[in-house]
Amino acid sequence: MDINFHDPSDIPLPPEEVRIRELRVEPLPDRRRVRIFIEITPFQQKPNLEIKILTQSGDEAASLSIIEAIDRKMQFTVHLKDEGAAGEYIADLEVYYFEAEALDKVPELVQDGEIHQLPERDKPVDQRQVSFKITGAQETA
């Protein structure tokens with residue numbers, strides 16, 4: 001018996017062809033967290049993702065980095081820096097890979113207790129922004 005967990009017509013793509021299929025943000029009722037839903041195309045090499053939540057004035061309200069994602073569909077809960085702040089926000093998602101030449105030269109990321117920097121990254125292979133709104137004021141108990 002064959003069990004397929006993905007659509008056989010959905011062929012894994014090389015890095016330069018990986019794209020974002022969905023970016024959706026849902027504020028949670030406490031107005032302190034948001035749930036982020038991401039779907040990207042199937043991939044041959046594990047991509048990296050950088051997510052930033054920005055306020056209307058451009059200040060960073062939250063950020064999240066995913067290094068070498070293993071799933072095409074992901075869901076994260078992110079805590080906002082300014083808890084309970086109502087207003088307009090922008091979620092910015094970049095999908096990128098590290099430069100191939102730089103990966104060969106990188107030492108182990110953690111060696112003898114010393115943390116090394118990640119290699120330089122290529123330009124994003126895809127990027128998307130969505131806006132969302134958190135309504136209401138923080139309730140007082």
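- The heavy-atom pair separating Leu49 from Ala69 by the smallest distance is CD1-CB, 3.8 Å.
- In this view, Gln129 and Asp92 satisfy the side chain to side chain donor-acceptor pair (under 3.5 Å) rule, not counting sequence neighbours.
- If you take OH on Tyr89 and CD on Gln56, they are separated by 10.0 Å, rounding to the nearest 0.5 Å.
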Show me the side-chain donor-acceptor pairs of residues 37-47 shorter than 3.5 Å, one per line, residues at least two apart or across chains.
| from | atom 1 | to | atom 2 | distance (Å) |
| --- | --- | --- | --- | --- |
| Thr41 | OG1 | Arg19 | N | 3.0 |
| Gln44 | NE2 | Pro12 | O | 3.3 |

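- Looking only at side-chain heavy atoms (C-beta outward), Val78 and Ile51 stay at 4.5 Å or farther from each other.
- Atoms OG1 and CZ, from Thr77 and Arg33 in turn, are 6.5 Å apart once rounded to the nearest 0.5 Å.
- Under the 4.5 Å side-chain heavy-atom criterion for ILVMFWY residues, no single connected hydrophobic cluster contains both Leu54 and Val130.
- One distance of note links NE2 of His79 with CG of Leu28; it measures 9.0 Å at 0.5 Å rounding.
- Cluster membership for Ile90 and Ile134, using ILVMFWY side-chain heavy atoms within less than 4.5 angstrom, is not shared.
- The side chain to side chain donor-acceptor pair (under 3.5 Å) test applied to Ser57 returns Thr55, Asp59, not counting sequence neighbours.
- Taking both residues in full, the closest heavy atoms of Ala86 and Gly136 are given as CB-O, 2.9 Å, listed atom of the first, atom of the second, then distance.
- Of all the heavy atoms in Val18 and Leu13, the pair that sits closest is CG2-O, 4.0 Å.
- Under the 4.5 Å side-chain heavy-atom criterion for ILVMFWY residues, a single connected hydrophobic cluster contains both Val34 and Met74.
- Leu23 and Arg128 make their closest contact through CD2-O, 3.7 Å (heavy atoms, listed as atom of the first residue, atom of the second, distance).
- In plain terms, the two heavy atoms of Asn48 and Glu68 that are nearest each other are OD1-N, 2.8 Å.
- Between Lys52 and Glu50 no salt bridge is recorded (no basic side-chain N to carboxylate O distance below 4.0 Å).
- Nearest heavy-atom pair across Phe132 and Pro27 is CD1-CG, 3.9 Å.
- In this structure, the side chain of Asp126 does not engage the main chain of Val95 through any donor-acceptor pair within 3.5 Å.
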